[in-house]
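As a basis for the values below, the full set of heavy atoms in this structure was taken, side chains included, without hydrogen atoms, waters or symmetry mates. Since we're looking at a predicted model, the values are computed, not measured.
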Amino acid sequence: MAIKEYKTIKEVVGPLMLVEKTENVKYDELVEVRLASGEVRIGKVLEVSEEACLVQLFESSQGLKIDDAKAVFLGRGIELSLSPNMLGRVYDGMGRPIDNKGNIIAEATKNINGEPINPYARDYPSEFIQTGVSSIDGLNTLVRGQKLPIFSGSGLPHARLAAQIARQATVRGVSDKFAVVFAAIGITFEEANYFIEDFTKSGSIERTVLFINLANDPAIERIATPRMAITAAEYLAFELGMHVLVILTDITNYAEALREVSAARKEVPGRRGYPGYMYTDLASLYERAGRIRGKKGSITQIPILTMPEDDKTHPIPDLTGYITEGQIILSRPLNLRNITPPVDVLPSLSRLKDKGIGHGKTREDHADTMNQLFSNYARGKEAKELSTILGESALSEIDKLYAKFADEFENKYINQGFNENRTIEETLDLGWELLRILPASELRRVSEENIKKYY
């Protein structure tokens with residue numbers, strides 16, 4: 001790769017720098033800005049024309065004197081050094097180790113923008129991943145190779161749920177290795193510390209790669225962080241044959257950074273000021289999940305996003321919902337009642353759940369109990385609303401049983417705390433225990449043989 005040096009820096013405005021008389025410069029190319037003092041700042045090419053190019057700096061441009069600075073174009077994009085020894089390590093948002101264990105010896109380096117998976121080579125997600133969380137495993141099952149986002153709100157305990165899933169998730173009955181790649185995007189130092197300590201204390205850091213981008217890091221670095229994480233996941237999955245779970249938190253911070261960079265480039269804004277290409281940009285992250293035919297490994301993604309003002313129609317959750325296969329929604333009312341994790345099961349959905357459950361995967365009664373629990377809980381909530389308006393005396397005896405079911409369901413099934421790891425059998429047995437509140441004649445969604453065997 002030809003390295004080109006230019007002393008033709010024309011102007012610097014905020015994080016943007018204009019370099020004139022450039023030749024053969026590529027979009028997204030890495031740039032080093034070398035100052036007379038010997039200091040080096042990094043940036044990347046944002047726009048290119050025949051006679052000039054626009055560079056975005058990763059750090060602030062404070063104290064940068066354009067008279068004695070030179071721009072060095074490196075002829076390559078942002079790359080990540082990869083090795084099997086990445087597991088157990090902590091990196092910053094740009095892929096630099098921050099755990100005082102030194103650099104890894106790279107076995108490969110890859111451009112973080114990755115290459116799209118050929119749709120024809122994709123394999124269908126079909127294997128159950130056990131997260132140990134009943135409201136996910138029992139009702140909104142996660143399947144290997146799926147993209148299943150968690151929609152949260154500010155102040156809800158999504159960070160603790162993310163740490164719990166990262167700690168507990170496993171693919172059952174498979175001897176292949178399981179790894180977690182965890183990317184924290186634009187979080188506070190306190191949250192970053194919580195994740196590192198939680199993973200270290202539970203020992204799950206041994207199978208985890210952490211990328212941590214703090215809230216005070218530059219916005220442009222925030223755009224690189226999830227791509228770093230997914231590039232590491234692709235290496236572990238498709239080169240080393242591991243099952244990889246990628247957790248990205250918080251996608252809202254990523255989208256805010258995208259909006260900030262777009263505004264700096266004076267682009268025409270789309271909905272609520274976000275760039276018009278946000279859909280394709282998010283898709284370029286989410287669509288890197290999946291399985292490839294003939295390869296053992298897989299990438300399963302759980303992106304987490306906080307919905308501004310708890311609004312499902314906000315562009316970030318709205319576009320994410322289009323690209324991914326369902327959503328797990330956290331509920332503020334459940335959280336106020338100390339039900340943890342506060343998963344709102346009725347509007348939550350896993351579009352691939354039917355592919356990962358049943359005989360040989362979980363248990364033959366899984367689909368029946370799932371449908372029956374959904375149905376009973378919905379009816380129980382209706383009964384409770386009715387009793388709030390008309391008083392309990394307006395309820396029939398069977399309605400009272402449904403109302404009792406709804407309460408027990410929230411208190412026992414959904415509420416399990418952030419440290420309890422339930423197997424799928426425990427979750428299904430708990431489901432049957434709750435279904436016994438009602439007479440067998442009410443279980444219209446369960447087959448006769450399952451009622452005989454489990455009721």
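Ionic pairing of Arg272 and Asp311 is present here: one or more N-O contacts between side-chain nitrogen and carboxylate oxygen are shorter than 4.0 angstrom. Contact check on Glu433 versus Lys412 returns a salt bridge, with a Lys/Arg side-chain nitrogen under 4.0 Å from an Asp/Glu carboxylate oxygen. With salt bridges taken as basic N to acidic carboxylate O contacts below 4.0 Å, one links Glu221 and Arg96. Contact check on Asp310 versus Arg332 returns a salt bridge, with a Lys/Arg side-chain nitrogen under 4.0 Å from an Asp/Glu carboxylate oxygen. Asp123 has no carboxylate O lying under 4.0 Å from a charged side-chain N of Lys296, or vice versa, which leaves the two without a salt bridge. No salt bridge links Glu382 with Arg379; every basic N to acidic carboxylate O contact stays at or beyond 4.0 Å. Salt-bridge annotation for Lys452 and Glu449: absent, with no side-chain N of the basic residue lying under 4.0 Å from a carboxylate O of the acidic one. Salt bridge status for Arg288 with Glu234: present, with a side-chain N to carboxylate O gap under 4.0 Å. Using a cut-off of 4.0 Å between Lys/Arg side-chain N and Asp/Glu carboxylate O, Lys110 and Glu115 are scored as not salt-bridged.
Of the residues Arg291, Glu127, Arg144, Gln146, the one that meets the side chain to side chain donor-acceptor pair (under 3.5 Å) test with Ser298 is Arg144.
One side chain, Arg227 or Tyr254, offers a donor N or O that lies under 3.5 Å from an acceptor on the other.
Each salt bridge (Lys or Arg N to Asp or Glu O under 4.0 Å) pair with one or both residues in residues 180-208, not counting sequence neighbours, appears once here: Arg167-Asp198.
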Verify side chain to side chain donor-acceptor pair (under 3.5 Å) between Gln372 and Asp368, making sure each step is shown before the conclusion.
-> CA-CA 6 Å; Gln372 192 64 59; Asp368 283 2; over 6 Å; no
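A heavy-atom distance below 4.5 Å is found between the side chains of Leu214 and Asp217.
In this structure, Phe374 places its CZ atom where more than 12 heavy-atom neighbours from other residues, nucleotides or ligands lie under 6.0 Å away.
For Phe199 and Phe182, the distance between ring centers is under 6.0 angstrom.
Below 30°, between 30° and 60°, or above 60°: for Tyr274 and His314 the angle between ring planes is above 60°, a perpendicular geometry.
In this structure Pro15 satisfies the side chain to side chain contact (heavy atoms under 4.5 Å, CB included) test together with Gln56, sequence neighbours excluded.
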